[in-house]
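These notes are about the structure you will find just below.
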Amino acid sequence: MPENKLNSDTRERILDVAERQFMAHGFEGTSMRMITSMADVNLAAVNYHFGSKESLLCEVFRRRLTWLNHERLRVLDDLEQQAKGAPLKPSQILEAFFGTLMRIGEDESLGGMTFLRLLGRTLTDPAEFIRAFFAKEYAEVLERYKLALFRALPDVPKAEIVWRLHFMLGAMSYAIAGTDILHVITGHGIGDMSGKEEDEQSEAKKLSARLMPFLLGGLRAPLPQFSDSTRPQQVPLAKTARNQPQEKKP
């Protein structure tokens with residue numbers, strides 16, 4: 001086997017194992033010894049390809065996010081080209097951004113649910129080095145999608161759109177992390193309601209089908225009303241609905 005092919009295979013094997021171990025045990029709980037043992041390589045090989053555990057985690061994410069970011073921009077470009085200068089519908093923007101991410105869960109070659117859970121768990125409490133990594137990786141994509149939402153919702157204050165994007169990202173991160181808070185609080189988990197186990201592809205599809213309407217509902221929610229003291233006021237939906245941009249049906 002040519003040396004370049006051997007190095008490539010070794011690198012991918014290390015990344016595959018590291019992805020699974022980081023997802024299962026977290027960054028702090030995963031040792032380099034665990035990774036080298038399961039990947040059947042020595043520490044020198046990991047150091048040669050990645051240099052450190054921090055760099056290894058970044059490469060685990062970069063391998064998947066390169067495709068994700070490219071695909072998100074491609075889908076948005078296609079939608080904007082089809083719109084011929086008109087603003088996109090909010091549902092189109094959310095589907096392009098969050099729906100593209102959820103497709104990863106259905107495709108093992110893109111990381112499947114293993115990568116989605118790792119991403120969700122890391123985003124909920126990122127270390128400083130990975131926070132800086134995500135900020136750089138997501139910068140162009142988030143800026144494009146933020147501008148698309150500004151155009152789609154011209155009557156909504158930009159600050160409010162940014163807040164809602166923040167909430168949606170948080171909900172998405174928690175959902176894909178696979179942590180069942182219902183079980184922690186009540187002793188009855190989400191899985192208890194289905195009565196059967198499902199393969200990960202089906203799980204990813206159903207999670208997406210539940211998550212996407214929830215995110216869109218949050219984006220469309222009535223605007224908060226504040227008094228002079230900045231305390232939120234309880235304003236009936238009927239009184240705020242007229243302030244909300246209505247999405248036209250195709």
Side-chain angles (χ1 to χ4, degrees), residues 7-36 38-39 41 43 45-76 94 96-146 165-166 168-179 200-201 203-204 207-208 211 215:
N7 284 336
S8 177
D9 288 348
T10 300
R11 187 177 189 278
E12 288 300 305
R13 188 165 71 253
I14 294 170
L15 288 171
D16 287 342
V17 169
E19 186 174 76
R20 293 192 297 270
Q21 294 303 303
F22 285 138
M23 187 278 288
H25 305 289
F27 178 74
E28 296 297 336
T30 300
S31 69
M32 295 294 271
R33 178 174 294 182
M34 292 166 60
I35 294 171
T36 56
M38 297 196 70
V41 298
L43 185 59
V46 179
N47 290 334
Y48 171 77
H49 288 286
F50 305 103
S52 68
K53 191 167 80 166
E54 289 83 358
S55 296
L56 174 56
L57 180 60
C58 289
E59 286 303 312
V60 166
F61 281 115
R62 183 176 286 113
R63 178 173 66 155
R64 307 302 188 188
L65 294 181
T66 295
W67 175 88
L68 176 61
N69 289 334
H70 180 272
E71 185 67 6
R72 278 171 163 167
L73 292 175
R74 183 194 68 77
V75 173
L76 186 60
L94 295 198
F97 187 83
F98 293 103
T100 299
L101 172 66
M102 298 307 297
R103 280 164 44 199
I104 288 179
E106 302 174 30
D107 191 339
E108 285 297 321
S109 70
L110 297 175
M113 288 302 297
T114 297
F115 176 73
L116 280 190
R117 291 191 183 106
L118 173 61
L119 179 62
R121 293 173 187 181
T122 304
L123 284 172
T124 56
D125 187 22
E128 189 57 39
F129 79 91
I130 203 69
R131 187 190 304 272
F133 170 81
F134 283 146
K136 183 177 180 180
E137 288 293 307
Y138 280 125
E140 180 184 3
V141 172
L142 279 177
E143 185 64 20
R144 284 284 310 279
Y145 274 84
K146 185 174 67 175
L165 182 57
H166 168 68
M168 289 188 291
L169 287 168
M172 177 273 299
S173 299
Y174 190 83
I176 64 177
T179 303
E200 291 201 335
Q201 187 177 38
E203 181 184 352
L207 177 59
S208 180
L211 180 61
L215 297 178

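- Note that CD of Q21 is 11.0 Å distant from CG of L56, once rounded to the nearest 0.5 Å.
- In this structure the side chain of F134 reaches within 4.5 angstrom of the side chain of L65, judged on heavy atoms.
- S55 pairs by the side chain to side chain donor-acceptor pair (under 3.5 Å) definition with S52, not counting sequence neighbours.
- Within the 3.5 Å criterion, the main-chain N or O of A204 finds no donor-acceptor partner in the side chain of S208.
- Applying the ring pair (Phe, Tyr, Trp, His ring centres under 6.0 Å) rule to F98 yields no partners; only residues at least two apart in sequence or on another chain are considered.
- A 6.0 Å sphere centred on CD of E54 holds more than 12 heavy atoms belonging to other residues, nucleotides or ligands.
- Expressed to the nearest 0.5 Å, how far CZ of F61 lies from OG1 of T66 amounts to 12.5 Å.
- The environment of H70 atom NE2 is sparse: at most 12 non-hydrogen atoms of other residues, nucleotides or ligands sit within 6.0 angstrom.
- Remark: L57 CG to I130 CD1 distance equals 4.0 Å, nearest 0.5 Å.
- Using a 4.0 Å cut-off between charged side-chain N and carboxylate O, R103 and E108 make no salt bridge.
- Counting only distance, with no hydrogens or angles, the side chain of R117 and the backbone of M23 share no donor-acceptor pair below 3.5 Å.
- Of all non-hydrogen atoms in L211 and A171, the two that sit nearest each other are CD1-O, 4.5 Å.
- Once rounded to the nearest 0.5 Å, the distance linking OG1 of T114 with CD1 of I104 reads 12.0 Å.
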Task: salt bridge (Lys or Arg N to Asp or Glu O under 4.0 Å) between E143 and K146, intermediate numbers included - done: CA-CA 5 Å; E143 185 64 20; K146 185 174 67 175; 3.3 Å; yes

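- Sequence neighbours left out, the pairs with a member in residues 15-26 that pass salt bridge (charged side-chain N to carboxylate O under 4.0 Å, His left out) are D16-R63, E19-R63, E19-R64.
- Under the side chain to side chain donor-acceptor pair (under 3.5 Å) criterion, R74 pairs with E71, D78, not counting sequence neighbours.
- Annotation: side chain of V75 is not in contact with side chain of F97 (no heavy-atom distance under 4.5 Å).
- In this structure, M168 and L215 approach most closely via the heavy-atom pair SD-O, 3.6 Å.
- Y145 places no side-chain N or O within donor-acceptor distance of the main-chain N or O of L73, the cut-off being under 3.5 Å.
- Every residue two or more places apart in sequence or in another chain that forms a ring pair (Phe, Tyr, Trp, His ring centres under 6.0 Å) with F27 is listed here: F22, F129.
- To the nearest 0.5 angstrom, Y138 atom OH is 8.5 Å from L169 atom CG.
- Qualifying side chain to side chain donor-acceptor pair (under 3.5 Å) partners for E128, counting only residues two or more places apart in sequence or in other chains: none.
- E106 approaches Q201 most closely through the heavy-atom pair O-NE2, 3.5 Å.
- Between F50 and V60 there is no side-chain heavy-atom pair separated by less than 4.5 Å.
- Between I35 and I14 the shortest heavy-atom distance is CG2-CG2, 4.2 Å.
- Across P126 and R131, no two heavy atoms sit closer than the pair O-NH2, 3.5 Å.
- Between the CG atom in L101 and the CG atom in L68 there is a gap of 5.5 Å [rounded to 0.5 Å].
- The number of heavy atoms from other shown groups lying within 6.0 Å of CE (M32) is above 12.
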